[in-house]
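A short write-up of the structure that comes next.
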2 protein chains.
Amino acid sequence: MTAGPPAGPLGVRAATLPPVAPRPTLRDVATAAGVHPATASRALNEATRSLVRPATVERVREVATALGYQVNPIARSLKTSRSETVGVLVPDLTNPLFPPIVRGIEDALGVSGYTVLTVNTDNDPGRAASNFAALQARQVDGFIVATARLDDPLMREAAERGVPMVLVNRLTEHLDVSAVAGDDATGIARTVDHLVGLGHRDIGHVAGPLNVSTGAVRLRAFRTAMQHHGLADDRVVVAEAYSDSAGRTAALELLSGTAPTAIVAGNDLLAIGCYDALEERGLCCPDDVSVVGFNDMPFISRLRPPLTSVRVPQYELGVESARLLLDVLSGRTVIPRVVLLPVQLVVRGSTAPPRR
Amino acid sequence: MTAGPPAGPLGVRAATLPPVAPRPTLRDVATAAGVHPATASRALNEATRSLVRPATVERVREVATALGYQVNPIARSLKTSRSETVGVLVPDLTNPLFPPIVRGIEDALGVSGYTVLTVNTDNDPGRAASNFAALQARQVDGFIVATARLDDPLMREAAERGVPMVLVNRLTEHLDVSAVAGDDATGIARTVDHLVGLGHRDIGHVAGPLNVSTGAVRLRAFRTAMQHHGLADDRVVVAEAYSDSAGRTAALELLSGTAPTAIVAGNDLLAIGCYDALEERGLCCPDDVSVVGFNDMPFISRLRPPLTSVRVPQYELGVESARLLLDVLSGRTVIPRVVLLPVQLVVRGSTAPPRR
DNA sequence: GCAATCCTTGCAAACGACTGCATGCTCGGG
DNA sequence: CCCGAGCATGCAGTCGTTTGCAAGGATTGC
């Protein structure tokens with residue numbers, strides 16, 4: 001398809017050096033409008049427009065649109081050392097949790113004229129560091145970080161150096177920056193309530209990695225909730241990573257010996273791993289073992305069986321983090337704040353009363 | 001968490017104006033090395049290094065690393081009018097098809113030092129145009145476009161102006177640019193073969209939008225394959241969009257009257273919509289109606305029932321498109337080429353012999 | 001009618017790196 | 001011993017904008 005002959009009007013390939021009219025510059029606009037470039041700059045610039053006589057502003061703007069002038073962001077950045085760009089660090093864009101967050105960020109920052117540079121760290125601190133440096137070299141105005149570890153030297157140092165940044169989804173200890181996350185503790189508490197309400201007493205937890213806040217917070221919340229119900233809180237296995245395969249491994253360990261009647265998974269991917277492990281052990285969900293996930297990823301309701309999960313407003317997480325960053329960038333916010341967005345337990349087919 | 005007291009060593013908030021050491025500049029390196037900035041530039045630049053005496057090169061580079069010098073890409077871009085950045089246009093990042101493609105692009109371009117700017121168009125030509133312009137203003141060196149329509153004035157004009165670009169996933173007619181896509185026609189042919197082999201004769205098609213190549217090509221391939229088997233090729237409904245809800249609507253229309261025994265969906269999201277429609281009609285997949293998807297999106301095998309689908313190597317699509325763009329940017333490629341990556345039918349539980 | 005003031009605009013110096021040209025040096029051949 | 005070639009380096013302008021400073025004109029108040 002379309003690999004046909006050249007499409008140029010003269011039958012000549014237009015590819016190599018087309019007579020591309022060079023983009024008009026501020027100087028062009030200025031001379032065309034009969035003013036000095038400085039005046040044109042001020043006229044075109046929202047903040048300095050008031051310094052120029054309205055009639056002149058009008059003339060300059062007309063000429064600018066007539067010529068199709070667009071400011072050269074590169075030149076502007078060089079001068080102002082701001083780039084109207086923010087960097088976003090995510091572990092892995094192909095993890096279904098993150099696309100909605102990133103879209104929220106892009107949408108919210110886009111209306112303010114910011115562009116987003118997203119990079120994947122694959123949970124590798126080294127890659128995170130080099131990506132971080134690369135983005136800084138590109139003069140990004142700030143960061144939204146979804147890769148923070150509980151104790152994260154990179155983030156800590158950056159925060160201390162005053163780099164504008166906001167954490168999203170994952171929090172960090174002892175760090176004086178704004179952050180947005182779901183209310184994990186409440187989500188887990190509701191989950192345990194739900195399972196106990198169904199009659200479960202023997203509940204296990206496949207925890208996420210404890211070096212990130214989601215893993216640690218959810219584990220702590222699990223223990224607290226179980227204790228609150230007077231139940232044993234030690235049926236816990238920590239998964240190596242937030243992946244289905246790590247979830248499977250952890251769940252297999254949890255299922256050795258007598259299986260719990262319900263498993264609270266650290267997130268949806270781990271829950272999928274639990275499904276795999278149950279199947280391998282010849283157990284059926286929810287008849288033998290109930291499973292609950294976390295995050296309510298897109299399409300997770302389509303699983304077999306449909307996964308009960310804690311809905312985290314991922315898009316809104318992104319939007320809110322963008323707002324917080326804009327606050328920081330505008331210099332308005334002095335006091336960092338941590339925003340926990342409400343979550344909601346969505347009950348589906350993967351939880352049922354225990355048979356025993 | 002972490003909203004505690006200021007963390008500065010003196011108990012003073014370090015947020016506002018930290019003693020941030022200004023990033024060293026080329027001039028700093030030059031003076032520290034006792035050479036002219038021009039020499040330092042040449043020493044640090046791969047292409048011009050040969051112009052400088054090796055000993056000087058060595059000295060400059062040592063000083064540079066000692067000072068932690070990093071070139072300022074903004075300044076470089078201003079001078080060279082290249083940005084080492086490429087723009088990627090996708091319809092919607094939260095469509096699970098695209099994250100793997102984008103990651104492939106980022107990974108492949110990253111090793112060549114390029115940064116990726118991804119924007120979402122939501123299938124809106126207006127947004128596509130404005131995003132395209134914005135990216136051009138940011139001096140991106142080229143584009144990878146996953147949003148192309150079959151007849152796309154924006155892309156056509158850009159191509160004629162010689163803007164370096166590559167299409168991915170979706171192709172365009174009469175356009176003289178390189179492109180990468182899955183081998184849709186073969187995938188559909190294998191799908192129909194599979195269904196016919198199971199004994200199906202009455203097969204319907206929920207086609208994707210016909211203004212994009214995937215919809216049109218797959219529809220044409222469906223008709224061809226059906227004719228090839230001597231079967232009726234007119235059980236076709238075109239969906240409004242590639243979404244589960246549009247798939248549901250289209251499938252409901254297809255199911256009015258006597259239902260076909262199998263449905264070939266234009267992609268996996270449409271297949272999910274078919275599941276919904278079947279459920280609404282009280283029909284069971286695969287017992288009453290078999291369903292086949294396309295793309296083999298992540299986690300699609302986890303559906304209920306597991307979806308038979310045509311696996312498209314999404315990540316590799318991204319990687320290959322990045323390679324093609326690098327070729328164009330390096331000036332090597334003169335002749336555009338269309339690369340069709342092989343696809344593979346993955347048979348799962350959503351297809352079975354017809355009961356009738 | 002004049003000085004003080006304000007408003008509008010122009011001038012020129014940046015921002016940081018690249019690059020064509022010029023210069024100074026070393027070296028070799030005649 | 002001198003000249004030309006060639007190599008290594010320096011000089012200075014440039015990319016397109018922004019912005020502090022200053023100048024000129026118009027306006028105001030007395």
Side-chain angles (χ1 to χ4, degrees), chain A residues 20-61 63-64 67-85 113 136-141, chain B residues 20-61 63-64 67-85 113 136-141:
Chain A
V20 54
R23 182 184 297 282
T25 158
L26 186 60
R27 171 170 271 100
D28 298 335
V29 175
T31 47
V35 298
H36 193 271
T39 306
S41 168
R42 286 189 273 253
L44 263 21
N45 224 308
E46 191 64 52
T48 51
R49 191 182 336 283
S50 58
L51 299 176
V52 179
R53 189 157 50 103
T56 311
V57 171
E58 186 59 21
R59 185 156 36 100
V60 171
R61 305 191 80 185
V63 172
L67 264 55
Y69 170 77
Q70 283 182 282
V71 330
N72 182 329
I74 307 273
R76 167 178 290 176
S77 291
L78 179 59
K79 184 60 184 165
T80 63
S81 65
R82 284 176 300 105
S83 63
E84 308 273 280
T85 298
Q136 283 206 107
R138 295 220 172 224
Q139 305 266 40
V140 299
D141 299 337
Chain B
V20 55
R23 184 184 293 282
T25 158
L26 186 61
R27 172 171 270 98
D28 297 336
V29 175
T31 48
V35 298
H36 192 271
T39 306
S41 169
R42 285 189 273 253
L44 262 22
N45 224 307
E46 190 64 52
T48 51
R49 198 189 325 288
S50 59
L51 300 176
V52 179
R53 189 159 49 102
T56 312
V57 171
E58 186 59 22
R59 187 156 35 101
V60 171
R61 305 192 80 186
V63 173
L67 264 54
Y69 170 77
Q70 283 183 283
V71 329
N72 181 329
I74 308 273
R76 169 179 290 176
S77 290
L78 180 59
K79 180 63 181 165
T80 63
S81 66
R82 284 176 298 105
S83 63
E84 307 273 281
T85 298
Q136 283 206 111
R138 296 220 171 223
Q139 305 265 41
V140 299
D141 299 337

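Letters A, B, ... mirror the listed sequences (proteins, then strands); counts begin at 1.
In this structure, CG of A/Leu51 is placed 20 Å from P of D/dG24, rounded to the nearest angstrom. For the pair B/Glu58 CD and D/dA8 C1', the interatomic distance rounds to 17 Å; values are reported in whole Å. Following rounding to the nearest Å, B/Arg49 (CZ) and D/dT9 (P) show an atom-to-atom distance of 14 Å. Note: CG (A/Leu78) to P (C/dA14) measures 14 Å, nearest angstrom. The CZ-C1' distance, from B/Arg53 to D/dC7, rounds to 10 Å in whole Å. In this entry the distance linking OH of B/Tyr69 with C1' of C/dG16 reads 8 Å, nearest Å. Rounded to an integer number of Å, the gap from CD of B/Glu46 to P of C/dA17 is 18 Å. Summarising the geometry, the separation between CG on A/Asn72 and P on D/dT14 is reported as 18 Å, rounded to the nearest angstrom.
Surrounding CZ of A/Arg82 are at most 12 heavy atoms belonging to other residues, nucleotides or ligands under 6.0 Å away. In B/Arg61, the CZ atom is not crowded: 12 or fewer heavy atoms of neighbouring residues, nucleotides or ligands sit closer than 6.0 Å.
Residue contacts for A/Ile74: at a heavy-atom cut-off of 4.0 Å it reaches no nucleic acid atom on any strand shown. Within the nucleic acid shown, B/Ser81 has no heavy atom closer than 4.0 Å to any nucleic acid atom.
The side chain of B/Ser77 places no N or O atom within less than 4.0 Å of a non-bridging phosphate oxygen (OP1 or OP2) of D/dC15. Distances shorter than 4.0 Å separate none of the side-chain N or O atoms of A/Arg27 from OP1 or OP2 on D/dG16. For B/Thr56, a side-chain nitrogen or oxygen approaches OP1 or OP2 of D/dT9 to under 4.0 Å.
When atom types are taken as modelled, the side chain of B/Arg49 and the backbone of B/Ala43 share a donor-acceptor pair closer than 3.5 angstrom.
The structure places OG1 of A/Thr25 at 10.5 Å from CG of A/Leu67, a figure rounded to the nearest 0.5 Å.
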Could you list the donor-acceptor pairs under 3.5 angstrom formed between side-chain atoms of residues 31-39 of chain A and any protein atom two or more places apart in sequence or on another chain?
{"from": "A/Thr31", "atom 1": "OG1", "to": "A/Arg27", "atom 2": "O", "distance (Å)": "3.0"}
{"from": "A/Thr31", "atom 1": "OG1", "to": "A/Asp28", "atom 2": "O", "distance (Å)": "2.9"}
{"from": "A/His36", "atom 1": "ND1", "to": "A/Ala38", "atom 2": "N", "distance (Å)": "3.0"}

Inset, instruction - Treat primed atoms plus P, OP1 and OP2 as sugar-phosphate and everything else as base, then score nucleotides 19-27 of chain C 5' to 3': B for base contact with protein heavy atoms under 4.0 Å, S for sugar-phosphate contact only, - for none. - result: BB-------
Inset, instruction - Go through the steps for B/Leu26 and B/Val71 under the test side chain to side chain contact (heavy atoms under 4.5 Å, CB included), then give the verdict. - result: CA-CA 7 Å; B/Leu26 186 61; B/Val71 329; over 6 Å; no
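Put simply, the residue from A/Leu44, A/Val52, A/Leu51 that forms a side chain to side chain contact (heavy atoms under 4.5 Å, CB included) with A/Val57 is A/Val52.
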